[in-house]
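For reference, the structure discussed in these notes is given below.
Because only heavy atoms are used, hydrogens play no part in the values below, and waters and symmetry mates are left out as well, while side chains stay in.
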Amino acid sequence: MRPTPLTARKASATLTALMLSAALAACQPQISAAGAATPSAPTPTAQAGNSNDSSDDSSQTSVPQGLESFYSQTIDWKDCSDGTSPFQCGTVTVPLDYEHPDGRTITIALKKLPASDGNAEHGSLFTNPGGPGISGIRELEAQATALPEELRAGYDVVGFDPRGVGQSTPITCWTDEDISQALTDAQNGKISDVVPSNTISSKSLSAQEKMDRGAADAAACAQHSGVPELLDHVGTRNVARDLDVLRATSGDATLNYLGVSYGTHIGAVYADLFPDRVGRAVLDGAMDPSQRWADGEAEVTAFKEGVLRQYVEHCQAQGNCPLTGSTDEAIAQLTAFVDGLDQAPLTAPDSSVTVNTQEATTIIQHYAVEKPDWDALTAMLAPAMNNRDGALMVAAKQSTLASQLPTTAEQAVAGANTLFMAAAVICNDYPDTADTVSDWDAQSAAERKTSPFFGGTSHGLDAYCRGWGHRAQTPPQETHAEGSAPILVVGLTKDSRTLYPWAQSLTDQLDNGHLLTVEGYGHVTFGSNACATAAMTDFLVNGTIPAEGTTCAAEPQPAADGGTGN
């Protein structure tokens, strides 16, 4: 089945696109007031160098040739037009193509939360919430009040929308009719008819069908974007180069940076390009820059399948488990049940809401792997599998997914932008990994054998990106950042989106990397683990590097039977 034009597709649930697709699952942290608590930090072994003084004239040194006009800009910070106080807003102009800086330009939008003490003795702290494709401006607005007070006092905290995203020069891949349809679908509780994420994560579509969808989406983006050439220039290296212009135009000699999830990839690439300009940098939930995207997805799939098998063993030790036989047989039963929900969705009495295959997969992933509550998952599956009673699954869908549906056109546009930008950036960053289309189909079939429930999709984005056509030519490479200041890498031992071994690998690659280990489930730790948040804050504010081997315990502690976790 060839894809239909974008204008004929339903674009519902754009805000939940990344949640619904394992292939695009790198997401932002949730900073809570509890997470902002600051207990005693781990014992320091070193200091991280001098803090930034935003008045230091060296912010304009070492300007790349041909970029002098960009680096010499001054940001005209003003009260934001949306009336959000005490935030200030500004824009910076950067080249569309850094290889041709005298050509077309684009705009990067920033939002600043001025230091609470009015001094900002450490200068600016740039943040990126992950994605790719997530608006740093929107996330700063949402999370600013929960930032630790030490950060708020010592820094002007700055969020920015990377090129192609949000208020920066955007990529646009939809029409007004698409957005209207997205809102209609949301009002009807539809949350999974999403492109490209459902295409990429589909087990039923062939690699050729995913390629066709990628080509159709790219054509729509080129048609509707004000700067269609931007599709070839949204990769992470360009974002990192933009970030250095933002640093200089903010008056900072070096870059203080807090990046989470995909934001760690931006930070690592920046450090490799500009090692002498690294200030205090924290990379929480680290990606491995030396790894191909498809290989990383295959590792994530294997990890999730392994945790699911542990859940099955736990379930079968209880009295109400609907899964029988060996672990392999139980996984086969669960897979067959979930795969059948597209043809016969689960329903609940007195509700028009249903649960289909994609939604059930997302719910199971959430309760089994990401935020484990194994007994609650068993309580859902038992009536659903035994009696086709979907009441608890519908309730789980409404609590974990439906609250993310767009309710305004602005939210729908932001969600659509995130959805397509995620694919655009990843396609720009990673070259092809297969010689022929049939290779991808063979790889998917092989993965289904080793990971029956979650497997079969790790190479979907590769196929989609070949159709998309705007591809990287340079393979991933190790990041060393030789001569940089200390960089703090944070890894969560059971992070199912950016795996703990990736944080270990990045730390080993970096010339001056230091690893903070955090035990537990979830995704990234800033704001969700008090010990880790305190250590990261201490590093950013005081330059204190956690002692080698420092480990923060899971919060809350997992239950004794392994049924729940962080």
Side-chain angles (χ1 to χ4, degrees), residues 9-22 25 27 30 178-195 197-199 201-204 308 311-312 315 318-323 333-412 414-416 419 453-454 563-564:
R9 291 188 220 130
K10 295 178 181 178
S12 65
T14 50
L15 269 180
T16 62
L18 298 187
M19 183 189 303
L20 292 174
S21 171
C27 74
Q30 298 299 313
D178 294 318
I179 296 302
S180 177
Q181 183 65 58
L183 292 174
T184 299
D185 288 344
Q187 292 166 0
N188 293 329
K190 299 180 66 175
I191 65 174
S192 66
D193 195 8
V194 179
V195 174
S197 63
N198 271 13
T199 298
S201 63
S202 172
K203 299 177 181 179
S204 61
L308 184 66
Y311 159 71
V312 168
C315 177
Q318 313 304 309
N320 60 336
C321 184
L323 305 171
Q333 293 167 17
L334 182 62
T335 301
F337 169 73
V338 171
D339 285 350
L341 294 182
D342 276 341
Q343 294 298 320
L346 278 175
T347 60
D350 302 320
S351 175
S352 61
V353 179
T354 62
V355 176
N356 65 18
T357 296
Q358 182 66 66
E359 294 157 359
T361 301
T362 302
I363 292 167
I364 291 170
Q365 178 173 311
H366 179 82
Y367 283 91
V369 181
E370 294 177 344
K371 297 285 187 180
D373 191 340
W374 291 354
D375 292 339
L377 179 57
T378 299
M380 292 179 216
L381 290 176
M385 296 184 70
N386 293 334
N387 305 314
R388 299 287 305 176
D389 179 356
L392 293 178
M393 292 286 280
V394 166
K397 167 183 169 176
Q398 292 175 315
S399 64
T400 60
L401 300 179
S403 63
Q404 301 298 315
L405 289 170
T407 58
T408 65
E410 180 184 9
Q411 290 177 348
L419 169 67
F453 188 83
F454 288 112
T564 59

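The two residues Ala379 and Leu392 have their closest heavy-atom pair at O-CD1, 3.2 Å. Taking both residues in full, the closest heavy atoms of Ala412 and Ile179 are given as CB-CG2, 3.7 Å, listed atom of the first, atom of the second, then distance. Val355 and Ala360 get closest at one heavy-atom pair: CG1-N, 3.7 Å. When every heavy atom of Gln358 is checked against every heavy atom of Ser201, the shortest pair comes out as OE1-OG, 3.2 Å. Of all heavy-atom pairs spanning Thr347 and Thr354, the tightest one is CG2-CG2, 3.9 Å. Considering all non-hydrogen atoms of both residues, Met385 and Gln333 come closest at CE-O, 4.0 Å.
Asp178 is not listed as a side-chain neighbour of Gln181, based on a closest heavy-atom distance of 4.5 Å or more. Inter-residue side-chain proximity for Gln318 and Thr378 is flagged as unmet; no heavy-atom pair is nearer than 4.5 Å. Using a 4.5 Å heavy-atom cutoff, the side chains of Leu346 and Phe337 are in contact. No side-chain heavy atom of Tyr311 sits less than 4.5 Å from a side-chain heavy atom of Ile364.
Without hydrogens or angle criteria, Asp342 side chain to Thr357 main chain gives a donor-acceptor distance under 3.5 Å. The closest donor-acceptor contact from the side chain of Glu359 to the backbone of Asn356 lies under 3.5 Å.
Separating the OG1 atom in Thr361 from the NE2 atom in His366 is a distance of 14.5 Å, to the nearest 0.5 Å. Of the inter-residue distances, the one linking Asp375 atom CG with Cys315 atom SG reads 9.0 Å to the nearest 0.5 angstrom. Here CZ of Phe453 is found 8.0 Å from CG of Asp339. Values are rounded to the nearest 0.5 Å.
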